[in-house]
4 protein chains.
Amino acid sequence: MGQRGRQKGSVGVKSKEAILTIAAEEFAEHGFHETKISTIVKKAGLTQPSFYLYFSSKEAIFQELIHTFHHKLIHLTKNSRIEPNLDKNILASKIARGLISIFKFFDDHRHLTKIGFFIADEAEEIKRGMVAHITENLLAEQQDKYFRQDLNMQIVAECIIGAIERLTITKLFTNESTPQQLANEIVDIYLYGLQNTES
Amino acid sequence: MGQRGRQKGSVGVKSKEAILTIAAEEFAEHGFHETKISTIVKKAGLTQPSFYLYFSSKEAIFQELIHTFHHKLIHLTKNSRIEPNLDKNILASKIARGLISIFKFFDDHRHLTKIGFFIADEAEEIKRGMVAHITENLLAEQQDKYFRQDLNMQIVAECIIGAIERLTITKLFTNESTPQQLANEIVDIYLYGLQNTES
Amino acid sequence: MGQRGRQKGSVGVKSKEAILTIAAEEFAEHGFHETKISTIVKKAGLTQPSFYLYFSSKEAIFQELIHTFHHKLIHLTKNSRIEPNLDKNILASKIARGLISIFKFFDDHRHLTKIGFFIADEAEEIKRGMVAHITENLLAEQQDKYFRQDLNMQIVAECIIGAIERLTITKLFTNESTPQQLANEIVDIYLYGLQNTES
Amino acid sequence: MGQRGRQKGSVGVKSKEAILTIAAEEFAEHGFHETKISTIVKKAGLTQPSFYLYFSSKEAIFQELIHTFHHKLIHLTKNSRIEPNLDKNILASKIARGLISIFKFFDDHRHLTKIGFFIADEAEEIKRGMVAHITENLLAEQQDKYFRQDLNMQIVAECIIGAIERLTITKLFTNESTPQQLANEIVDIYLYGLQNTES
DNA sequence: CATGAATGAGGATTCATTCAT
DNA sequence: AATGAATGAATCCTCATTCAT
């Protein structure tokens with residue numbers, strides 16, 4: 001069928017993706033309200049009505065971007081459950097690996113991350129999800145005696161998310177640190193603490 | 001009679017303060033753009049032109065709130081430099097005391113905190129200031145051998161600010177934890193780390 | 001009566017005059033709409049309600065200034081009727097004298113002139129009055145054979161007013177010419193024309 | 001069918017021109033401040049946002065009208081340089097022809113003229129340009145001995161512009177005189193003066 | 001004579017969104 | 001698949017003017 005390959009939808013798909021990409025940029029840089037549909041379509045070489053061919057509203061495309069971010073993030077964390085029975089040295093690197101994958105993901109999707117992790121109202125909920133996930137992991141490891149028994153792991157998880165948040169903005173997105181470096185620093189700090197045990 | 005005589009201008013002052021209070025509430029809850037001047041003045045029992053009697057624009061009052069927050073915050077952290085020559089136990093409680101005062105301050109000024117620490121574009125800068133301050137303190141203590149020599153204290157500071165940020169939103173503002181509890185948890189986590197040293 | 005001279009009204013009179021003077025300046029410089037009552041009273045060291053102690057509205061003070069201008073102008077032109085039976089040389093200087101008095105008057109009341117002769121809607125009417133007056137004079141002199149019989153004196157009068165208007169703005173108010181100079185130039189041009197009668 | 005095919009954009013052009021025409025009317029009649037965008041668009045059968053489809057602000061459309069006037073005026077005066085070597089009778093009719101074209105232009109563009117020659121702040125500058133142009137012409141003719149040597153031609157030019165100004169308002173726009181009549185009267189007055197040379 | 005405080009009324013401008021083609 | 005044209009619905013802001021003291 002259709003040997004002349006009037007590749008149905010390909011143009012539209014391209015337009016839609018152009019809009020999505022540019023919108024992500026704009027939202028990430030200027031926030032929701034300061035981003036104008038007019039600007040997006042202009043940058044995409046389209047007109048305003050075309051926008052509504054692909055998205056039902058400004059709110060809708062914003063949600064779509066958030067959803068994409070959230071979806072990818074969930075997918076990412078799905079496989080990161082730490083297997084039991086590993087010795088302490090390996091634990092550290094396991095944790096580091098998890099953090100690396102998060103930072104890498106953020107690094108690879110800067111605009112989406114800005115939107116879904118920092119700008120959106122839903123960011124709070126997304127973080128809550130991550131905190132829950134991390135808490136679970138930590139609890140398991142706590143149970144396995146890798147971690148101190150007297151710690152409130154939910155609070156720990158919040159601290160880690162907070163750290164990730166900050167470092168993403170100030171170190172990762174400024175290109176001052178790599179995912180690896182950041183992950184290692186976090187592991188080092190949280191695992192062993194600040195206290196000087198020498199002397 | 002009235003021992004304070006002809007309270008010149010007191011009415012206007014009251015109106016201005018009413019506007020400020022309500023504006024803080026609104027901005028904190030709805031953000032800059034979703035906050036309407038009309039709503040603010042209505043809640044203050046005034047009309048729109050009155051607003052402009054006290055503030056030159058919506059932007060201006062927002063800035064004033066940010067400034068107030070920043071100003072108070074700076075004032076707070078001014079006295080918090082840790083004195084040298086204290087043993088380790090005291091150090092912990094010293095640090096805790098600093099954190100308590102921050103959480104207390106945030107707790108006492110929830111709206112301002114939401115605005116100046118979470119909503120404003122300037123929040124980033126304000127946090128940067130706090131990070132710098134904390135970094136300084138940490139470095140001094142590191143020099144005094146209280147802390148491990150191999151840690152990048154700026155990164156540590158970022159982690160702490162991130163933790164404060166998160167815990168403020170999820171534990172403090174939800175009334176799930178007190179400033180004391182949060183401060184203690186942070187000290188415990190960051191000073192000693194997660195690692196189980198028993199066994 | 002009243003040896004203590006609580007000069008009744010003197011303060012008010014002073015305030016009113018201050019307002020009038022400043023208002024004239026402002027209207028002259030910025031026109032009606034761009035002149036704000038708030039600016040006037042500020043410059044007069046008063047508050048807005050005080051303004052309404054002396055003038056019923058912005059429109060009212062503007063009218064008062066126009067009226068003052070018009071009144072003075074009418075007073076000026078009342079005595080300027082040219083007496084009959086003068087020879088041609090004297091005629092020229094008579095006319096010049098009339099023009100000098102007008103230019104002097106404009107020069108002495110620059111703000112009022114700007115308002116009443118250039119800014120006000122009523123300026124048109126005021127000019128019409130002057131044209132009528134000049135026309136009358138010219139007609140008398142035409143009847144006395146001093147002027148050409150074939151000229152439409154109303155048109156001539158319009159031309160003279162037009163000349164006065166322009167020269168007031170471009171030469172008088174810029175201090176490039178004195179009333180005398182301008183009057184002489186006008187007399188010279190209009191009496192003898194441009195045409196070179198030599199050769 | 002339809003020899004001009006798919007008239008792309010013709011509707012928008014029509015709307016823009018409608019707005020321009022009506023705006024010229026309104027500005028001419030009521031001045032800048034008393035002219036409301038709401039009135040303009042209402043008369044054009046449009047809504048307020050449509051106005052901003054074609055003009056960026058009220059100030060902008062006003063400037064556009066002024067510019068149009070100025071542009072046309074400059075175009076008009078470009079060809080009006082008087083060629084040398086003409087005898088006196090022809091000179092008069094040459095000058096008359098120039099004046100006719102000006103009055104005709106003003107007559108054909110009453111609204112624009114009101115705006116650009118009487119209402120706009122830029123009117124002064126526009127007149128200055130005309131004065132300069134006229135002065136140049138007069139000087140050339142003076143050099144060629146057509147005009148008296150003792151006259152300050154800039155002042156003469158100012159007088160002529162003043163005359164044009166006045167006569168435009170009082171005779172042309174009231175339909176009391178035609179461009180031809182006005183031009184002839186001016187030539188007559190300025191060339192030969194008022195003085196009765198008979199007797 | 002004067003003012004601190006307040007407001008009614010309106011006006012320009014913006015932006016997401018839609019209609020007809 | 002796309003667009004020229006248009007708009008509904010707000011929002012910020014301004015200014016002359018007034019009231020109570």
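The sequence lines fix the lettering, A, B, ..., with proteins before strands; numbering per chain opens at 1.
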**Request:** Please work out if D/Thr35 contacts a base, only the sugar-phosphate, or nothing of the nucleic acid, heavy-atom cut-off 4.0 Å.
**Result:** sugar-phosphate
**Request:** State whether the side chain of B/Lys36 and the backbone N or O of B/His33 hold a donor-acceptor pair below 3.5 Å, judged by distance alone.
**Result:** yes
**Message:** Using a heavy-atom cut-off of 4.0 Å across all strands, would you classify D/Tyr54 as base, sugar-phosphate, or nothing?
**Reply:** sugar-phosphate
**Prompt:** Passes side-chain contact (heavy atoms from CB on, under 4.5 Å), B/Lys72 versus B/His109? Steps please.
**Reply:** CA-CA 10 Å; B/Lys72 283 177 192 276; B/His109 303 87; 4.0 Å; yes
**Item:** Pairwise 5' ranking along DNA chain E for D/Lys58 and A/Gln48, keeping only the more 5' one
**Value:** D/Lys58
**Message:** Would you call the rings of D/Phe106 and D/Phe117 parallel, tilted or perpendicular, taking 30° and 60° as the class edges?
**Reply:** tilted
**Fill in**
B/Lys42 atom NZ is separated from F/dA10 atom P, nearest whole Å, by 12 Å
**Asked** So does B/Lys43 pair up with B/Glu26, basic N to acidic O under 4.0 Å?
**Response** yes
**Prompt:** Within the structure shown, what part of the strands sits under 4.0 Å from A/Leu53 by heavy-atom distance: base, sugar-phosphate, or nothing?
**Reply:** base
**Asked** Is the NZ or CZ atom of B/Lys127 positioned over B/Phe118's six-membered ring, under 6.0 angstrom from the centre and within 45° of the axis?
**Response** yes
**Prompt:** Rounded to whole angstroms, how far apart are CZ on B/Phe55 and P on F/dC13?
**Reply:** 13 Å
**Message:** I want to verify a distance call: between F/dC15, F/dA6, E/dA6, whose nearest atom is closest to the D/Leu46 side chain?
**Reply:** F/dA6
**Asked** Taking only N and O in the side chain of B/Ser50, is any of them less than 4.0 Å away from OP1 or OP2 of E/dA6?
**Response** no
**Prompt:** Reckon B/Tyr52 has a side-chain N or O less than 4.0 Å from the OP1 or OP2 of F/dT14?
**Reply:** no
**Message:** Between D/Ser15 and F/dA5, is there a contact of a side-chain N or O with OP1 or OP2 at under 4.0 Å?
**Reply:** no
**Prompt:** So what does C/Thr39 touch, heavy atoms closer than 4.0 Å: a base, only the sugar-phosphate, or nothing?
**Reply:** nothing
**Fill in**
On DNA chain F, more 5' by nearest nucleotide between D/Gly45 and C/Ser38 is D/Gly45
**Fill in**
Answer for the Watson-Crick or wobble partner of F/dA10, both distances under 3.5 Å, is E/dT13
**Message:** Counting only side-chain nitrogens and oxygens, does C/Ser57 get under 4.0 Å of the OP1 or OP2 atom of F/dA16?
**Reply:** no
**Request:** Quickly work out the D/Phe62 CZ to E/dG11 P distance and round it to whole Å.
**Result:** 18 Å
**Prompt:** Which one, E/dG4, F/dA5, F/dC15, comes nearest to the side chain of B/Pro49?
**Reply:** F/dC15
